[in-house]
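Protein chains get the first letters and strands the later ones, always in sequence-line order, with residue 1 at the start of each. Computed from a predicted structure; not experimentally measured.
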Number of protein chains: 2
Amino acid sequence: MQQPDILQYLGVRDGIAERIGGGELKAGERLPSERQLQVGGGVARGTVREALFQLEAEGLIYRKDRSGWYVSPPPVVYDPTRWEGFMSYVEAQGRRPATETLSKTEIACDGMLAQIFSRPVGAPMYWIRRRRSIDDRAVLIESIVVDASLAPGLIDHDLDGSLTSVLKSIYGIGVARNKVDMRPCALIRGEAEALRVKSGLPGLSVERTCYDAQGRVVEFDREYWRHDALKVSVDIRVR
Amino acid sequence: MQQPDILQYLGVRDGIAERIGGGELKAGERLPSERQLQVGGGVARGTVREALFQLEAEGLIYRKDRSGWYVSPPPVVYDPTRWEGFMSYVEAQGRRPATETLSKTEIACDGMLAQIFSRPVGAPMYWIRRRRSIDDRAVLIESIVVDASLAPGLIDHDLDGSLTSVLKSIYGIGVARNKVDMRPCALIRGEAEALRVKSGLPGLSVERTCYDAQGRVVEFDREYWRHDALKVSVDIRVR
DNA sequence: GGGCATATTTGGTCTATACCAATTCTGCGC
DNA sequence: GCGCAGAATTGGTATAGACCAAATATGCCC
């Protein structure tokens, strides 16, 4: 029946990719259900799913659990070296950003944080967890730790907006240097749950350590992005 | 039989992850075959594979096609802002780097390249494709374009070593600024084939545009890394 | 129109089986 | 020890069926 020179699921993939590339299916639109996609070619559901997994890995489509597969919107451009907030740069790209604060508590500095902040173990820190969305799709979970002695009462403020501007305008905290670590990761457990994605979805973990002009660590931030939501762009002088 | 409060494949995942974390299986070692992993828990092969896919996504294991599943080595740290070659920083991390030149040809500048290099369409360029490995595992494919007028005869040199040092020592080309774009991607088609990985494996695409002190583009470089091989670390002054 | 219980649809998980091609192992001849 | 043919093993692909829980659609009551 089918050509043996091309894998069947790659053939199905190409068919769907064409319908997306050709404009028949537009960003945000739902694909036909897996069972509907079978009937066209007399192919097993498992094979259709294999094709969908490919397209998901490529970032062309994404899923809403038990609701369906949807065409992905374009990624946003993110420059972690800029001291500019999510709300600001997402909006500048014509998208609609949103932030939810999942939790904010005061914690005691543990060994790892003590080392990062050069503060004694037990020193008070604020720990903030937020979920950020673009056009109503959750795209990242972030976990922020701020030295409480530098920003007393921080968590009493509304943190659903820009943490950047709160730190700057209320506490006069500016950032002079940034250490940024990035690595491909899988979204699992807590992160997957909070983003409502299947465990194992590829992601990008971005870890930022922010220093002020005096070289003190003012903020330690770890973000888990879904892989299809961003493009990182950095412009730097070579050392 | 099994707890319904935990997905079965996640249970299998945990079991294997423990054997890796506990040191029973060490980096580079082969896992038991899929069919052997079934017998332990009376579980279908599809379920075992689902567990292996999870671990692969997390970067804990990787596969060699039709040979087996292996425990992943740790990632290398990569700083794209440094004008330091792959051979050098990989070795500095106690690993064994290798480079193969897949192809090197002179091409004519097309529209896209013309824009990047600010050169006329048709201007001569060198196009180099290389595969780079760490400890005998292919980790990235790169595609480099260099302005031929700045480095005449470049492709007559041996490019299996450091392109960096060839450009610097022979042509006196230094880099002052770097524009780096990174995005999570899927390794498919040519890239997947060259890296001998299954189509759809998560990866990281790193695109570098290198400028000299006069602001001329001297090199345009696109790298496709397998997701489990690297960690990007950048240190920068905030703008 | 809104609220609500119900039926349907949808993707998520799991089983069992089959065949293939690439790789790896085995054993023989030398 | 080496080379080589054949056998066995391994992961990759594909099928068909089943059941579940979450999400969505339906239709009724008010």
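- When the side-chain nitrogen and oxygen atoms of Lys198(B) are compared with OP1 and OP2 of dG11(D), none of them lie within a distance under 4.0 Å.
- Within the model, atoms CD1 of Ile16(B) and CD of Gln54(B) stand 11.0 Å from one another, a figure rounded to the nearest 0.5 Å.
- Atom CD in Glu56(A) sits about 13 Å away from atom C1' in dG12(C), given to the nearest Å.
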Between the protein and nucleotides 4-7 of chain D, which nitrogen or oxygen pairs come in under 3.5 angstrom?
none

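- As a whole-Å value, the separation of Arg196(B) CZ from dA22(C) P is 11 Å.
- Side-chain contact between Tyr62(A) and His227(A) is absent, with no heavy atoms from C-beta onward closer than 4.5 Å.
- Each of Gly46(A) and Tyr70(A) has a nearest nucleotide on DNA chain D; the 5'-most of these lies closest to Gly46(A).
- Summarising the local packing, CD of Gln93(A) is surrounded by more than 12 heavy atoms from other residues, nucleotides or ligands at distances under 6.0 Å.
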Under 4.0 Å protein heavy-atom contacts per nucleotide of nucleotides 4-11 of chain C, with B for base, S for backbone only and - for none | ------BB
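- In this entry the distance linking CG of Leu201(B) with P of dG12(D) reads 11 Å, nearest Å.
- Straight-line distance from the CD atom of Gln8(A) to the C1' atom of dA16(D): 14 Å, rounded to whole Å.
- In this structure, the salt bridge (charged side-chain N to carboxylate O under 4.0 Å, His left out) partners of Lys198(A), at least two apart in sequence or on a different chain, are Glu50(B).
- Rounded to whole Å, atom C1' of dG11(D) lies 12 Å from atom CG of Leu37(B).
- One finds no salt bridge joining Arg130(B) and Glu100(B) here, because no Lys/Arg side-chain nitrogen approaches an Asp/Glu carboxylate oxygen to under 4.0 Å.
- Between Gln38(A) atom CD and dA14(D) atom P the separation is 14 Å, expressed in whole Å.
- The number of heavy atoms from other shown groups lying within 6.0 Å of CZ (Arg45(B)) is above 12.
- Atom NZ of Lys231(A) has 12 or fewer heavy atoms from other residues, nucleotides or ligands within 6.0 Å.
- With respect to the salt-bridge test (charged N to carboxylate O, under 4.0 angstrom), the residues Asp228(B) and Arg226(B) qualify.
- The environment of Arg30(A) atom CZ is dense: over 12 non-hydrogen atoms of other residues, nucleotides or ligands sit within 6.0 angstrom.
- Between the CD atom of Glu50(B) and the C1' atom of dG12(D) there is a distance of 15 Å, rounded to whole Å.
- Rounded to a whole Å, the CD atom of Gln54(A) is 12 Å from the C1' atom of dT13(D).
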